[in-house]
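In what follows, a single structure is set out as structure tokens and then discussed.
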Amino acid sequence: MSRYGLLIHYEFCSGCHTCELACKQEHALPVGKFGIQVAVSGPMKMDDDRWSFNNIPVPTDLCDLCYNRVSHGKQPACVKHCQSGVMKFGIVEELAKFMELQDKTVLFVPRPYKTNASGANDPASQDQGVMS
Amino acid sequence: MTDKTSSWRWEEDGMTVTRTAAWTGPGCHNACGLLVYSKDNKVIKIEGDPETPFNQGRLCPRCLVLPKVVHHPDRLTRPLKRVGARGEGKWEPISWDEAYDTIVDNVRRIQRDYGPEAIMSLHGTGRNVWHLGSKLCFSAFGSPNIGTGFLSGQSCYAPRIILSILTTGFLPQPDCAQMFPDRWDNPQWKAPECLVIWGNNPVVSHADSVRGDWFVEIIKRGAQLVVIDPRLTWIASRAKIWLQLRPGTDAALALGMINVIIEENLYDKEFVEQWTDGFDALKERAKEYTPDKVAEITWVPKEKIIATARLYATSKPAMIQWGLGLEQHKNGISNALAIQDLWGITGNIDAPGGNIIPRPDPFFELPNHFWGKEDIPRDLLGKRIGAKEYPLITTSSPDILSDTMINDEPYPMKMAWIQTTNPIANMGMDPLKLHRGFRRLDFVVVVDLFMTPTAMACADIVLPATSALERDSIRTENFGKAWWGPIRAINKVVQVGEARSDEQILLELGKRLNPKAFPWNTVEEMLDSMLEPEGITFAQLRERHIPEYHPFEYKKYKRALASTAKGFDTRSGKFMLHVPLFEKLGVDPLPFYEEPPQSPISTPDLAKEYPLILTTGARLWGFFNSEQRQIPEMRELHPDPIVEIHPDTARSLGIEDHDWVWIENNFGRCRQRARLTPTIHPGVVNANHAWWFPEKPGPEPSLFGVWESNPNQLMPFNQCGPTGLCAPYKSSICKVYKVKEGE
């Protein structure tokens, strides 16, 4: 059975926190709570001229993959507003195809938080394909 | 679910959706397209408008948190008059009529007793008040003394605009396909092969009508990236070459690159011969800047200087995104001129994927910061503070004005109208001097969304301003020859208390003071008149589903402009690699390098005591300069002011991560929290700007803690460049040491 996930093309994540704020707004999360959070790796000098410095938005256990939005045909709030356009929502196997083509990607498949009976991560209730 | 009868307002899921543009507040130069969801006079949520080509549905945290700003409990909602001593924090709500009557009485008294020039009118950067405030100053107060928030050397964007008008006829922008509604898909646009980001962290700052994510898109499309920045920003980590230059040495670096490009015959000979003026002089000047000498000045290894010059010159097209990092130095004009010369000698000016002249055809100048100037008699215009000393500056000179407030020379200042700017927290140099000056004035009005340190310290009347979601307005360009995007409607969504828009305040006060100059009965009539050159009304503008883009052409110089019958809109018709006019002002017409006023080289003795170079002013995610400090979601990102220090430097000073430290020099000090990071040069520290603490006591002497962390206390006025433009906000010196317990 296919599942839904969130793909991050983290080579181009600038770390702007937009996903965090878009998520807080969508889910009315107060200060101190996040549905997604930008994790920072580095900056670390690798050799004389190159640095490893990556921002990776990580969905928390409050993430429901924007069940309400998606069931209305919209993108998750983080994907919609992502300034650098580095997030995709869709079926895992579709997203995996993108990963075959690009360096520096990561795929999250959150456990759905507070979904309805059919489950936010149940593709039978949604048929959205890949959205970015 | 969706009832869509209008292109700008409809019902959806029991909410009203309004299409608008975010201009302003939040303070921003950009005006991204928004869809605002509201119900019962309350903003519920904000979505990016996917049909605005400028932001294509994307938003930054500042807009996503707007509902929290609009309905914040600390918003000013009624006009206030001071009832205690200045700075005591005792206010009484009054009616708008009483506020206007008090203002009119004071304006008339000061006009009569001291002349209208004794009134100064100050405005925050990049927002609607740039044209509205000008109109108020010129037509209602009758004063030539328009200004910002005492930004020394007016060192933000204005120097680049003034210079560009002399060299190019118009302020160029990097070509991110922003001139076309279909953006990146437009067949005329070319992806640059090389992108140079110079003195700028665009993904954070989104400055000057250019969104930072546009450059991420250009990198995705394969451009080789060069970043010139004293700090390793995230985008610098993606660069093929990162040049960690010493702050303030940009002109030397650019001249070194020009030298390599000319010596190695990598310049565009055809373009240079046909379309530029001053090449031979520039060539001679650049010879003085050998890679060895430039490496010594800039701290950048000469191999990197040469490689960058070659990469930029041999990539076609190549683009330079230039930032405020160039202008906030004494030598800022030279920095900017040297960079313009780079795109001139490589023929990248007005080329697809290069640096374009963003002038569409037809191009209509809507009211800009000269609006109303015709109402000022010529002899009075000549009384503008700094008109004689610094004729290139189109506003009053903030540096000379800072003296005027203290010494009454050449005439006394008596009143300040301060509209959405907060000079003692942000932008103003030497805020203690400003505080002293403001307190000497007879009468001060502050118009803002929140009670700011500046309002608390010196206001007699405080008027509540609106955010972008509470006003009908238009998005227009701020400056005549710096085209910032298509005209769009800004549509009111909610009313907060008795807050009034800048337009409404202008019209109501203007009609009281000089009715002849304000013939409109309503704000909409005024907006209609502003839109006249465009040939539409405000009602028609707001019905436009997608903003209208006027046709744009690259390499316009190839067909002589009809209006000027010459290639570039300059006196010679050519792209000016030098500025002969500067000679009349006693200023070198070519770019040159000059040490910052205080540096290890210009003041070696002082540098023994203050061995670190201090750079400031870099933007932070979610803050627009001094704004958003009272928004919990933004303070969650930035609880405290931060100074970045290299771990080696910190170790030698006994400073650990997160310690509070003093940043101090011969002019003053402030304190911030240390963040240890290898991304900064060991000889440089980078301090946050514009901090104040709405959670701390407002009345004097605290003023919301405004004196605690403002690094502008380490910088005096009157260190500006020879044209009066540019000042060393990003190149002073300091020492850093730990704050003692209990301090």
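All values below come from the heavy atoms of this structure, side chains included, with hydrogens, waters and symmetry mates left out. In what follows, every chain begins at residue 1, and chains take the letters A, B, ... in the order their sequences are listed.
Residues of residues 31-40 of chain B having a heavy atom under 4.5 Å from any heavy atom of chain A, listed by number: B/Tyr37.
Heavy atoms closer than 4.5 Å to chain B are found in the side chain of A/Gln25, but not in its backbone. For B/Glu47, the parts lying under 4.5 angstrom from a heavy atom of chain A are both the backbone and the side chain. With a 4.5 angstrom heavy-atom cutoff, A/Glu11 touches chain B via backbone and side-chain atoms both. Neither the backbone nor the side chain of B/Ile241 comes within contact range of chain A; no heavy atoms are under 4.5 Å apart. Contact annotation for A/Cys19: neither backbone nor side-chain heavy atoms come within less than 4.5 Å of a heavy atom of chain B. Residue B/Trp234 touches chain A through both its backbone and its side chain, counting heavy-atom pairs closer than 4.5 Å.
When the candidates B/Pro632, B/Ala239, B/Pro67, B/Pro678 are compared by the number of heavy-atom contacts under 4.5 Å with chain A, B/Pro678 comes out ahead. Interface summary for chain A: among B/Val216, B/Leu59, B/Val203, B/Asn55, the most heavy-atom pairs under 4.5 angstrom belong to B/Leu59. No other option in B/Leu232, B/Val204, B/Val65, B/Ile219 has as many heavy-atom pairs under 4.5 Å with chain A as B/Leu232. Counting heavy-atom pairs closer than 4.5 Å to chain A, the top residue among B/Ala236, B/Cys60, B/Gly212, B/Gly622 is B/Cys60. By number of non-hydrogen pairs under 4.5 angstrom with chain A, the leading residue of B/Lys220, B/Met634, B/Glu217 is B/Lys220.
The SG atom of A/Cys82 sits 6.0 Å away from the CE atom of A/Met87 when rounded to the nearest 0.5 Å.
Here A/Lys97 does not pair with A/Glu100 in a salt bridge; the nearest charged N to carboxylate O distance is not below 4.0 Å. A salt bridge links A/Asp49 with B/Lys304; the closest basic N to acidic carboxylate O contact falls under 4.0 Å. Under the 4.0 Å criterion applied to side-chain N and carboxylate O atoms, B/Glu636 and A/Lys24 are assigned as salt-bridge partners. Ionic pairing of A/Lys74 and B/Glu12 is present here: one or more N-O contacts between side-chain nitrogen and carboxylate oxygen are shorter than 4.0 angstrom. Under the 4.0 Å criterion applied to side-chain N and carboxylate O atoms, B/Arg62 and B/Glu627 are not assigned as salt-bridge partners.
With hydrogens and angles disregarded, no donor-acceptor distance shorter than 3.5 Å links the side chain of B/His638 to the backbone of B/Asp640. Put simply, the side chain of B/Arg238 gets close to the backbone of A/Phe53: a donor and an acceptor are under 3.5 Å apart.
Geometrically, B/Arg19 does not engage B/Trp10 in a cation-pi contact defined by less than 6.0 Å to the ring centre and at most 45° from the axis.
Across A/Val58, A/Asn54, A/Ile8, a single residue satisfies side chain to side chain contact (heavy atoms under 4.5 Å, CB included) together with A/Val106, and that is A/Ile8.
Every residue two or more places apart in sequence or in another chain that forms a side chain to side chain contact (heavy atoms under 4.5 Å, CB included) with B/Arg635 is listed here: B/Phe623, B/Arg629, B/Trp691, B/Phe693, B/Pro694, B/Glu695.
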